[in-house]
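What follows is one structure encoded as structure tokens, with my remarks underneath.
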Amino acid sequence: MKLTLATNEEINILHSKYKRFNTHLLEKPSELYNHIGIMDVFNRVLTEEEASELLGENHNLKYGANFLDTFTQLFHLKESEVYVHIYKKGLSKEAFKYKLSCLNRSEANLFRKLFSHSKGIYKIGDVEALVFLTKLSVTELYFADFFFPSLDSVIIGNYDLSFPIYSKTIIGFNKCKEIIEENGLFIRQ
């Protein structure tokens with residue numbers, strides 16, 4: 001599994017492009033991003049009744065592969081580099097231990113390593129690392145912000161497989177949308 005700390009140069013380039021790394025905390029993402037949507041299994045917002053019937057662990061297991069395939073295709077785009085921001089604040093010791101207990105030994109070691117550095121920006125170097133990090137979000141164990149600089153886009157892990165996507169350009173947004181739809185998913189706007 002190839003996952004390395006981003007260099008200071010890479011961090012500076014990412015910061016100049018995105019301005020903030022903890023994108024999931026933005027209250028008004030439209031102030032930084034021109035194109036916003038939600039990557040989802042459904043093409044509309046569900047009613048409360050539909051959500052209680054359709055969402056949950058089985059929903060995530062059923063559709064998780066679509067998200068893994070989408071992230072993998074985005075990763076394999078020509079000249080694509082992918083970075084992930086691991087937000088380390090607000091995770092109690094008990095919650096951290098619980099998350100470790102849900103992972104196998106090698107995954108737990110990698111998860112521990114992610115939290116051993118003060119920096120939270122990592123460069124994803126192979127599909128194995130990408131799949132591991134994507135699965136953390138798909139299973140709702142731990143959410144991460146995924147940066148796709150070649151697409152000027154960020155995808156944010158979130159509950160119920162409703163992942164916000166923010167893009168600076170319509171070209172990046174449309175490319176993401178194309179790949180998302182190829183994998184049987186939608187972008188709600």
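This structure is a prediction, so every number in the text was calculated from the model and none was measured.
- Considering every non-hydrogen atom in both V45 and R188, the closest pair reads CG2-NH1, 3.1 Å.
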Step by step, work out the side chain to side chain contact (heavy atoms under 4.5 Å, CB included) result for L103 and L141. CA-CA 9 Å; L103 301 169; L141 191 61; 3.6 Å; yes

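- No donor-acceptor pair closer than 3.5 Å links the side chain of K62 to the backbone N or O of E57.
- Counting heavy atoms from C-beta on, the side chains of L3 and D126 never come closer than 4.5 Å.
- For F42 and H59, the gap between ring centers is short of 6.0 Å.
- The 12-atom threshold is exceeded at CD of Q189, counting heavy atoms of other residues, nucleotides or ligands nearer than 6.0 Å.
- In this structure, K135 places its NZ atom where only 12 or fewer heavy-atom neighbours from other residues, nucleotides or ligands lie under 6.0 Å away.
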May I have the step-by-step check of side chain to side chain donor-acceptor pair (under 3.5 Å) for S167 and D152, ending in yes or no? CA-CA 6 Å; S167 294; D152 296 314; over 6 Å; no

Decide side chain to side chain contact (heavy atoms under 4.5 Å, CB included) for R105 and N109; before the verdict, give the C-alpha distance in whole Å, the side-chain angles of both, and the deciding distance to 0.1 Å. CA-CA 6 Å; R105 178 173 276 173; N109 286 337; 4.0 Å; yes

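- Taken to the nearest 0.5 Å, the CD1 atom of I124 stands 11.0 Å off from the CE atom of M1.
- Side chains of F148 and F71 form a contact here, defined as non-hydrogen atoms less than 4.5 Å apart.
- When all heavy atoms of P164 and N158 are compared, the pair lying nearest together is CD-CB, 3.8 Å.
- Between I180 and I165 the shortest side-chain heavy-atom distance falls below 4.5 Å.
- In the hydrophobic cluster analysis, where Ile, Leu, Val, Met, Phe, Trp and Tyr join through side-chain heavy atoms closer than 4.5 angstrom, I38 is grouped apart from L185.
- Of the possible polar contacts, none joining the Y63 side chain to the L161 backbone as a donor-acceptor pair under 3.5 Å is found.
- Counting heavy atoms from C-beta on, the side chains of H85 and F146 never come closer than 4.5 Å.
- Pairing each heavy atom of T169 with each of G172, the nearest pair is OG1-N, 3.1 Å.
- A continuous path of Ile, Leu, Val, Met, Phe, Trp and Tyr side chains, each step under 4.5 Å between heavy atoms, connects V127 with L114, placing both in one hydrophobic cluster.
- Note that CD1 of I13 is 4.5 Å distant from CD of E9, once rounded to the nearest 0.5 Å.
- Within 6.0 Å of the CD1 atom in I171, the count of heavy atoms belonging to other residues, nucleotides or ligands does not exceed 12.
- Other residues, nucleotides and ligands contribute more than 12 heavy atoms inside 6.0 Å of the CG atom of N104.
- Here the side chains of L110 and F132 are in contact, with some heavy-atom distance below 4.5 Å.
- By the 4.5 Å heavy-atom criterion applied to side chains, L14 and Y83 are counted as neighbours.
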Could you walk me through whether F186 and V41 pass the side chain to side chain contact (heavy atoms under 4.5 Å, CB included) test, one step at a time? CA-CA 6 Å; F186 300 94; V41 172; over 6 Å; no

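- For the atom pair NZ (K175) and CG (L77), the distance works out to 6.0 Å, reported to the nearest 0.5 Å.
- Between the CZ atom in F21 and the CD1 atom in I121 there is a gap of 4.5 Å [rounded to 0.5 Å].
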Please test F163 against V138 for side chain to side chain contact (heavy atoms under 4.5 Å, CB included), starting from the C-alpha separation and ending with a verdict. CA-CA 9 Å; F163 289 16; V138 165; 4.3 Å; yes

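- One finds the OG1 atom of T139 at 12.5 Å from the CZ atom of F67 (value rounded to the nearest 0.5 Å).
- Linking Ile, Leu, Val, Met, Phe, Trp and Tyr whenever their side-chain heavy atoms come within less than 4.5 Å leaves F111 and F143 in two separate clusters.
- In this structure, the separation between NZ on K99 and CZ on F115 is 8.5 Å, given to the nearest 0.5 Å.
- Electrostatic pairing of K97 and E94 does not count as a salt bridge here, judged by no charged N lying under 4.0 Å from a carboxylate O.
- Summarising the geometry of S52 relative to E49, their closest heavy-atom pair is OG-O, 2.9 Å, with the distance given to 0.1 Å.
- The heavy-atom pair separating K17 from K168 by the smallest distance is O-CE, 2.7 Å.
- K2 and E128 are not joined by a salt bridge, as no carboxylate oxygen comes within less than 4.0 angstrom of a charged side-chain nitrogen.
- A donor-acceptor pair under 3.5 Å is formed between the side chain of E50 and the backbone N or O of T47.
- One N or O on the side chain of S153 and one on the backbone of L151 form a donor-acceptor pair closer than 3.5 Å.
- Across all non-hydrogen atoms, the minimal contact from V84 to A144 is CG2-CB, 3.4 Å.
- I155 is listed as a side-chain neighbour of L74, based on a closest heavy-atom distance under 4.5 Å.
- Within a 6.0 Å radius of OH in Y98, other residues, nucleotides and ligands contribute 12 heavy atoms or fewer.
- Judged by distance alone, with hydrogens and angles left aside, the side-chain atoms of N66 form a donor-acceptor pair with the main-chain N or O of N183 at under 3.5 Å.
- Between the side chain of D145 and the backbone N or O of I86 there is no donor-acceptor pair closer than 3.5 Å.
- In terms of hydrophobic clustering, with Ile, Leu, Val, Met, Phe, Trp and Tyr side chains grouped at heavy-atom distances under 4.5 Å, F147 and I156 are assigned to a common cluster.
- The cluster map of Ile, Leu, Val, Met, Phe, Trp and Tyr, joined by side-chain heavy atoms under 4.5 Å apart, puts L130 and L133 in the same cluster.
- Aromatic ring centres of Y33 and F173: separated by at least 6.0 Å.
- Side-chain contact between T23 and Y166 is present, with heavy atoms from C-beta onward closer than 4.5 Å.
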